[in-house]
Amino acid sequence: MPELPEVEVVRRGVAEHAVGRTVSGAEVLHPRAVRRHLPGPRDFTARLAGREVTAVRRRGKYLWLVLDRSEAVVTHLGMSGQLLFQPAGAPDEKHLRVRVRFTDDGPQLRFVDQRTFGGLHLAELVETGGGHVPQPIAHIAPDPMDPGFDVADLVARIRRRRTGIKRALLDQGLVSGIGNIYADEALWRARLHWAEPTAELPAERIRELLAEVTAVMRDALDAGGTSFDALYVNVNGESGYFDRSLAVYGKADGACPRCGAAVRRDPFMNRSAYSCPVCQPQPRS
DNA sequence: AATTCGGCCTGATTGC
DNA sequence: TGCAATCAGGCCGAAT
């Protein structure tokens, strides 16, 4: 569920609450939450103690807490992950996986994750074309809100692909931050069918689509993110409101806000693609 | 080399 | 009522 706008809401909250504070200790309550930290949970907690959080950055759906200049705590929320700040005395959440305490004994950073698709790990920062990023995510492409985002280059790369346009939008190595929700919403806004072959799309149509991707994400960010239930929340546990503005995502048989036709749901990559059968006609081939 | 697909997880919901 | 099947879905690594 958390895509770029939701992760950005979380990033801002973590930056506000964690920058300038020093970690006193951490506690891993579920080892799967730090499975990407290969030296293991004990190494993770040992190396975190005494470190100051100097910045909080994001690329696509990844965010990381910068420690010093060369290392960071990398986090991904997966499907159901939350980063919350809670007073030390607050009862443990049912799915609390990792707790980080600070030397000021103020609110703790808590990683709560029902499905444990997400997690935390420590990684070195490396220099790439697009800036300093943690080494394990150097293969993740810049996202549409990245200062280094190059539209012309992305259009060319998409047109070189031999696949459907939605698959391309979801490929984090091509452009990051887009998930099922915003892919479907941007395709609807651009009046493009999800299976449209990338190689046959005029460059101008792809530019229009990418403009809609950026626009729908900005709209969602302005609304505090998208949420269907209590799973996605900001660091204070509050939900966003953008779900009220979705045109087609999750609305099978609902009315298209533009033409009134019944929204269709197609099987797509073992999940779903939502679209308007009138505004987004199927490609001929 | 580029692209596709299965597996990882748990809880809410649906169906028998 | 109880249990099982289904679905949600980002990402990695294996297969094609």
Side-chain angles (χ1 to χ4, degrees), chain A residues 1-8 10-11 28-38 58-64 74-83 92-98 111-121 123 133-141 143-144 154 156-187 194-200 213 217 220 225-233 239 243 246 248-253 264-274:
Chain A
M1 229 79 85
E3 302 181 25
L4 186 153
E6 293 74 37
V7 179
E8 175 60 18
V10 173
R11 187 199 67 78
V28 175
L29 293 96
H30 195 311
R32 188 175 146 79
V34 295
R35 67 193 178 285
R36 301 213 173 285
H37 189 78
L38 301 182
R58 181 189 57 73
R59 167 171 283 195
K61 304 169 195 173
Y62 283 92
L63 76 82
W64 59 94
V74 183
T75 78
H76 195 291
L77 302 177
M79 260 294 288
S80 53
Q82 306 173 347
L83 288 172
D92 287 4
E93 291 77 6
K94 183 175 179 190
H95 300 294
L96 178 63
R97 309 306 192 192
V98 179
F111 180 68
V112 175
D113 191 4
Q114 175 195 110
R115 279 166 255 188
T116 59
F117 276 30
L120 285 65
H121 68 277
V133 299
Q135 194 279 326
I137 67 161
H139 65 288
I140 299 292
D143 64 61
L154 178 56
R157 287 155 57 99
I158 289 175
R159 298 190 77 211
R160 283 201 293 272
R161 283 293 176 95
R162 290 293 179 274
T163 186
I165 186 63
K166 183 172 173 179
R167 283 180 186 275
L169 286 181
L170 296 179
D171 185 340
Q172 306 296 301
L174 210 44
V175 53
S176 68
I178 307 170
N180 215 27
I181 299 173
Y182 297 111
D184 279 359
E185 291 297 308
L187 287 165
W194 53 267
E196 199 71 54
T198 48
E200 293 166 28
V213 167
M217 286 182 165
T226 298
S227 174
F228 303 99
D229 50 38
L231 270 190
Y232 165 69
V233 292
S239 291
D243 58 311
L246 296 175
V248 290
Y249 182 82
K251 301 194 183 286
D253 301 326
R264 80 188 145 197
R265 179 173 85 100
D266 298 313
F268 171 81
M269 293 173 80
N270 290 325
R271 41 189 71 98
S272 301
Y274 297 90

Asks: Checking the side chain of Thr116(A) only, and the main-chain atoms of Arg32(A) only, is there a donor and an acceptor separated by less than 3.5 Å?
Replies: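 Side chain of Thr116(A) to backbone of Arg32(A), a donor-acceptor pair under 3.5 Å: no, none is there.
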Asks: Would you mind reading off the distance between Asn180(A) atom CG and dC11(C) atom C1', rounded to a whole angstrom?
Replies: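 About 14 Å, once rounded to whole Å.
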Asks: For a quick test of reading the model: is some side-chain N or O of Arg167(A) closer than 4.0 Å to OP1 or OP2 of dT3(B)?
Replies: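 The answer is no; no side-chain N or O of Arg167(A) sits under 4.0 Å from OP1 or OP2.
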Asks: Does His76(A) make a side-chain N or O approach to OP1 or OP2 of dC11(C) shorter than 4.0 Å?
Replies: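 Answer yes for this pair, as a side-chain N or O of His76(A) is under 4.0 Å from OP1 or OP2.
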Asks: For Arg97(A), answer base if it contacts any base atom (sugar-phosphate contacts may also be present), sugar-phosphate if it contacts only those atoms, and nothing otherwise; contact means non-hydrogen atoms under 4.0 Å.
Replies: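 Answer is nothing: Arg97(A) stays at 4.0 Å or more from every strand.
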Asks: Report which part of the nucleic acid His30(A) touches: base, sugar-phosphate, or nothing (heavy-atom distance under 4.0 Å, all strands).
Replies: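 Result for His30(A) = nothing.
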Asks: Let me know the distance between CE of Met269(A) and C1' of dC12(C), rounded to the nearest Å.
Replies: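 Result: 13 Å.
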Asks: Nearest whole angstrom, please: distance from the P of dG10(C) to the CG of Leu170(A).
Replies: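 Result: 7 Å.
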Asks: Within the pair Lys94(A) and dG11(B), is there a side-chain N or O less than 4.0 Å away from OP1 or OP2?
Replies: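 Yes, because at least one side-chain N or O of Lys94(A) sits under 4.0 Å from OP1 or OP2 of dG11(B).
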Asks: Would you please confirm or rule out a distance under 4.0 Å between OP1 or OP2 of dC9(B) and any side-chain N or O of His95(A)?
Replies: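 Checking His95(A) against dC9(B): no side-chain N or O falls below 4.0 Å of OP1 or OP2.
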Asks: What is the separation between atom CZ on Arg35(A) and atom P on dG10(C), rounded to the nearest whole Å?
Replies: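 Distance check: Arg35(A) CZ to dG10(C) P gives 15 Å.
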Asks: May I have the distance from Phe268(A) (atom CZ) to dC7(C) (atom P), rounded to whole angstrom?
Replies: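 Distance, rounded to whole Å: 16 Å.
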Asks: Looking only at atom types and distance, does a side-chain atom of Lys251(A) sit under 3.5 Å from a main-chain N or O of Arg264(A), one as donor and one as acceptor?
Replies: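 The answer is no, because no donor-acceptor pair under 3.5 Å joins these two groups.
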Asks: Take the protein atom CG of Asp171(A) and the nucleotide atom C1' of dT3(B), then report the distance between them rounded to whole Å.
Replies: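 So the CG-C1' distance, Asp171(A) to dT3(B), works out to 9 Å.
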Asks: Within the 4.0 Å heavy-atom criterion, would you say Arg36(A) contacts the bases, only the backbone, or no part of the nucleic acid?
Replies: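 The residue Arg36(A) makes sugar-phosphate contact but no base contact.
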Asks: Quick one: which of dC9(B), dA8(C), dG10(C) gets closest to the side chain of Thr116(A)?
Replies: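 For Thr116(A), the side-chain atoms sit closest to dC9(B).
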Asks: Provide, to the nearest angstrom, the distance between the CD1 atom belonging to Ile140(A) and the P atom belonging to dG13(C).
Replies: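 Checked: the CD1 to P distance equals 12 Å.
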